[in-house]
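See below for the structure under consideration.
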Amino acid sequence: MDIPIFDSNPNDEGIIIYPNPVSDTFKISKDIASASILNILGQRIKSFSKNQNEYSISNLTNGVYFIEVVLNTNEKYIIRFIKK
């Protein structure tokens, strides 16, 4: 199965990570089943197991990260974001 990878926000799919760049917290525009933060090497460094109002990444250093989002429909997306 191919997982769509988006450079920033996959607006055509209706999924938005905002704000991007992220300071301490971000929101996801759709309900999710789970989400994982991946570093630039693809290593999972933080996970969220349920839908939340905000997702905190205040403990991460500044840089480029990816979020793997699994929707309630089991669709998976990987979205690039910047932590500032």
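Below, each value reflects all heavy atoms present in this structure, side chains not excepted, and no hydrogens, waters or symmetry copies.
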Greater than 12 external heavy atoms within 6.0 Å of Asn53's CG
no
Apply side-chain contact (heavy atoms from CB on, under 4.5 Å) to Ile45 and Leu60, showing your working.
CA-CA 9 Å; Ile45 55 174; Leu60 298 181; 3.8 Å; yes
Close side-chain approach of Val70 and Glu75, heavy atoms under 4.5 Å
no
Answer yes or no: is there a side-chain heavy-atom contact under 4.5 Å between Ile57 and Val22?
yes
Just to verify, what does Asp31 make a side chain to side chain contact (heavy atoms under 4.5 Å, CB included) with, not counting sequence neighbours?
Asn51, Asn72
Assign the ring pair Tyr65 / Phe81 to parallel, tilted or perpendicular, where the plane angle (0 to 90°) is split at 30° and 60°.
parallel
For the pair Tyr55 and Phe26, name the ring-plane relationship: parallel under 30°, tilted 30 to 60°, perpendicular over 60°.
parallel
Verdict with reasoning, Leu71 to Ile15, per side-chain contact (heavy atoms from CB on, under 4.5 Å)
CA-CA 10 Å; Leu71 301 180; Ile15 303 168; 4.1 Å; yes
Rounded to the nearest 0.5 Å, what's the gap from CD1 on Ile37 to NZ on Lys46? Could you check?
8.0 Å
Can you measure from NZ (Lys84) to OG (Ser23) and round to the nearest 0.5 angstrom?
4.5 Å
Apply side-chain contact (heavy atoms from CB on, under 4.5 Å) to the pair Phe48 and Ser36, showing each step before the final yes or no.
CA-CA 6 Å; Phe48 305 98; Ser36 297; over 6 Å; no
Non-neighbouring partners of Ser56 that pass side chain to side chain donor-acceptor pair (under 3.5 Å), sequence neighbours left out
Ser58
Which heavy atom in [X] sits nearest to a heavy atom in [Y], and how many Å separate them?
X: Ala35; Y: Ile32; value: CB-CD1, 3.6 Å
X: Arg44; Y: Leu38; value: CA-CD2, 3.6 Å
X: Ile28; Y: Ile67; value: CD1-CD1, 4.0 Å

Apply the test side-chain contact (heavy atoms from CB on, under 4.5 Å) to residues Lys83 and Asp24: give CA-CA distance (whole Å), side-chain angles for both, the deciding distance (0.1 Å), then the verdict.
CA-CA 8 Å; Lys83 165 71 165 77; Asp24 293 321; 4.2 Å; yes
